[in-house]
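Below: the structure, in structure tokens.
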There are 2 protein chains.
Amino acid sequence: MLKKNNSTPLYNQLVDVLIEHIKTNLDIDEKMLSEREICLKYDVSRTTVRAALNELEEMGYIFKRHGKGTFVSGLWKEMQNLSEAYSFTEQMKQLGKIPHSQVLSLEYIVANQDLAKNVGIQEGEHVYKMKRLRSADGMPMMYETTFIPAYLFPDLTISKLESMPLYELYPQVYNQDIKYADEEFYASVLQAKESEELGLPAGSACLRIRRTTYSQENKIIEYTLSVARGDQFVYKIRHSKK
Amino acid sequence: MLKKNNSTPLYNQLVDVLIEHIKTNLDIDEKMLSEREICLKYDVSRTTVRAALNELEEMGYIFKRHGKGTFVSGLWKEMQNLSEAYSFTEQMKQLGKIPHSQVLSLEYIVANQDLAKNVGIQEGEHVYKMKRLRSADGMPMMYETTFIPAYLFPDLTISKLESMPLYELYPQVYNQDIKYADEEFYASVLQAKESEELGLPAGSACLRIRRTTYSQENKIIEYTLSVARGDQFVYKIRHSKK
DNA sequence: GAGTGGTCTAGACCACGGT
DNA sequence: CCGTGGTCTAGACCACTCC
């Protein structure tokens, strides 16, 4: 069943096998095999089994009860929608829409004190400032202003920006792998100028988003301010108790 | 250093010790002791050390690099602000404001098909419907409509609801421990009637929130629709890559 | 090659839930 | 009492990074 000399770890193989088993054979709240039974069935140690079960628990497939057993959770269906994706391109593709980004401007500027703080550099260093209009199936969806520290991204050009999504450009061209992104957002209404860009009446509901993206080395690689159509963006999050 | 016959697990004790060590002695990006060094220093097995380090990594205190070592992350400062709290009462207290909830109405109703689905019961079963106006330092902040399945919460009364916050009532009075809550929200504008409740002009920005709260047994214990002042609520979330 | 984190084994004892 | 998940040990080998 499991291949011991495979490059993928045993517990990851076990995760895949168990997910398949759950999806095809088990219902919600149904009891699974015990940890020791899984050990015997797949000929692996209990450490390996527990590593796999922990993964499954984090993914929302199962939950455990001390002294009782392990049970199917059936949350994985809902989990699918809960956005792990923070890329506009990916989000739109998931919704079955064709994303498009139009670069409206690209400037090479000097950071003032406030901007320097937000992109993690010293005052006076250089930053690229880019404005983009992002659409899905031809409908304007959001208007973004992005700041990128120049020291990490030399020779940024519009042609590079238009060649691929920003979140592919970072790792593939500039060797900057994304670790995580923090977002703050709040409800607001469109101002006159913004309403023109998005083709909506002034006073329409919108979501204002402030995003800071960090690299594996904990450097800020992007700081973005967005204005998104309120009628098109629904955020989903899960608060877990401990 | 660590107490082997303590009721709290060794790896949890180790977590506390290491957090204290990081906070007092180490800077961001500084290298920590290796796993094997920690084994020797505290006289525990590597399994125990790795359990503790995994906790620390999840909490944002450290990050690991295969072949290089374990390093201080310094994200825990920011993490504090990223909302784990999904209770209005707790949120307001953290901001140093005095929260108040006024129960406007409490009804005992029969669920139609749509409502039944949202609270996880059968059509025709009973549900409590409650409306609340929530304020901070006397300022109306949000207007909530909450649905609670009656079978889990017999004899719900206004006096019970006013005696303590809902998220304390669930576990303490009805023995329903919260597992997690899912929230969906989007930007909108206040309608005429809502603007009266909140004391704001019609057309003001607002956040519309839909929350479903689940118990440890995966039962829905609350379904809430909220309208919150757009100028007072900022959501913060973190998207982690893998 | 030396040191690191990543995976894995084959045991052990404990605490909890139900019979 | 037995079976469950929770914790813990003392090893082992692998893959990665740097010298």
Side-chain angles (χ1 to χ4, degrees), chain A residues 1-18 22 26 29-58 61-73 175 177 179 216-217 242, chain B residues 1-18 22 26 29-59 61-73 175 177 179 216-218 242:
Chain A
M1 212 88 170
L2 304 183
K3 298 166 187 174
K4 300 238 169 181
N5 285 333
N6 197 320
S7 63
T8 62
L10 275 175
Y11 72 89
N12 273 336
Q13 295 181 52
L14 192 50
V15 165
D16 295 337
V17 169
L18 291 175
I22 288 170
L26 299 178
D29 286 345
E30 197 168 340
K31 192 169 177 298
M32 296 197 37
L33 290 178
S34 76
E35 297 181 352
R36 289 165 182 84
E37 287 169 331
I38 297 176
C39 294
L40 294 175
K41 179 168 179 180
Y42 297 99
D43 188 33
V44 291
S45 74
R46 206 171 144 217
T47 306
T48 303
V49 171
R50 283 180 62 78
L53 291 180
N54 284 337
E55 289 261 310
L56 289 176
E57 190 174 29
E58 277 181 27
Y61 282 98
I62 60 169
F63 59 96
K64 304 173 181 178
R65 288 290 174 268
H66 194 170
K68 296 180 71 174
T70 304
F71 305 85
V72 175
S73 173
N175 203 31
D177 281 313
K179 186 176 186 182
Q216 292 291 342
E217 288 74 30
K242 281 226 162 191
Chain B
M1 211 91 170
L2 304 183
K3 298 166 186 174
K4 301 239 169 182
N5 286 332
N6 198 319
S7 63
T8 64
L10 275 176
Y11 72 89
N12 273 336
Q13 296 180 51
L14 192 51
V15 164
D16 294 336
V17 170
L18 291 176
I22 288 170
L26 299 179
D29 287 344
E30 195 167 344
K31 192 169 177 301
M32 297 197 35
L33 290 179
S34 76
E35 297 181 351
R36 288 166 181 85
E37 286 171 331
I38 297 176
C39 293
L40 293 176
K41 180 168 178 180
Y42 296 100
D43 189 32
V44 290
S45 74
R46 202 166 148 224
T47 307
T48 303
V49 171
R50 283 179 62 79
L53 291 180
N54 283 337
E55 289 261 309
L56 289 177
E57 190 175 29
E58 277 182 27
M59 286 191 271
Y61 281 98
I62 61 170
F63 60 94
K64 303 174 181 178
R65 289 289 173 268
H66 195 170
K68 297 180 72 173
T70 304
F71 304 85
V72 176
S73 173
N175 202 32
D177 281 311
K179 187 176 186 182
Q216 291 291 342
E217 287 75 29
N218 290 318
K242 279 222 159 190

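Residue numbers start from 1 in every chain, and the chains themselves are labelled A, B, ... in the order their sequence lines are given, proteins ahead of strands. All values derive from a computational prediction rather than experimental measurement.
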- Query: Is the shortest side-chain N/O distance from A/Thr48 to OP1 or OP2 of C/dT9 below 4.0 Å?
  - Reply: yes
- Item | Whole-Å distance separating the CG atom of A/Leu2 from the P atom of C/dC8 | 10 Å
- Task: Ignoring backbone atoms, establish whether B/Thr70 has a side-chain N or O less than 4.0 Å from OP1 or OP2 of C/dT4.
- Result: no
- Message: Using heavy-atom distances to pick each residue's nearest nucleotide on DNA chain C, tell me which of A/Asp43 and B/Asn54 is more 5'.
- Response: B/Asn54
- Query: Among the nucleotides D/dT7, C/dG17, C/dC8, which one has an atom lying closest to any side-chain atom of A/Lys68?
  - Reply: C/dG17
- Presence of B/Ser34 side-chain N/O under 4.0 Å of C/dT4 phosphate oxygens OP1/OP2: yes
- Side chains of A/Phe71 and A/Asp29: does their closest heavy-atom pair fall under 4.5 Å? no
- Below 4.0 angstrom from OP1 or OP2 of D/dT7, is there any side-chain N or O of B/Tyr11? yes
- Query: Given side chains that start at C-beta, do those of A/Asn54 and A/Lys64 come closer than 4.5 Å, heavy atoms only?
  - Reply: yes
- Task: Start with the C-alpha distance between B/Glu55 and B/Asn12, add both sets of side-chain angles, then the distance that settles side-chain contact (heavy atoms from CB on, under 4.5 Å), and finish with yes or no.
- Result: CA-CA 9 Å; B/Glu55 289 261 309; B/Asn12 273 336; 3.9 Å; yes
- Query: Separation of B/Arg36 atom CZ from D/dC14 atom P, in whole Å?
  - Reply: 14 Å
- Grab the CZ-P distance between B/Phe71 and C/dG3 for me, whole Å please. 16 Å
- Task: Whole angstrom is fine here: how far is it from NE2 in A/His66 over to C1' in D/dC2?
- Result: 14 Å
- Message: Under 4.0 Å, counting only non-hydrogen atoms across every strand here, what does B/Arg46 touch: a base, just sugar-phosphate, or nothing?
- Response: base
- Task: Using atom CG of B/Leu10 as one end and atom C1' of C/dC13 as the other, report the distance to the nearest whole Å.
- Result: 13 Å
- Item | B/Thr70 side chain near B/Glu57 side chain, heavy-atom distance below 4.5 Å | no
- Task: Quick one: label A/Thr47 by what it contacts on the DNA or RNA (base, sugar-phosphate, nothing), any heavy atom closer than 4.0 Å.
- Result: base
- Message: Please tell me if A/Arg50 has a side-chain N or O lying less than 4.0 Å from either OP1 or OP2 of D/dG6.
- Response: yes
- For the pair made of CG in B/Leu33 and C1' in C/dG5, what is the distance, rounded to whole Å? 14 Å
- Judged by atom type as modelled, is there a donor-acceptor pair below 3.5 Å linking the side chain of B/Glu35 to the main-chain atoms of B/Arg46? no
- What integer distance in Å separates A/Leu14:CG from C/dG6:P? 20 Å
- Query: Atom NZ of B/Lys64 and atom P of D/dT17: how far apart are they, to the nearest Å?
  - Reply: 16 Å
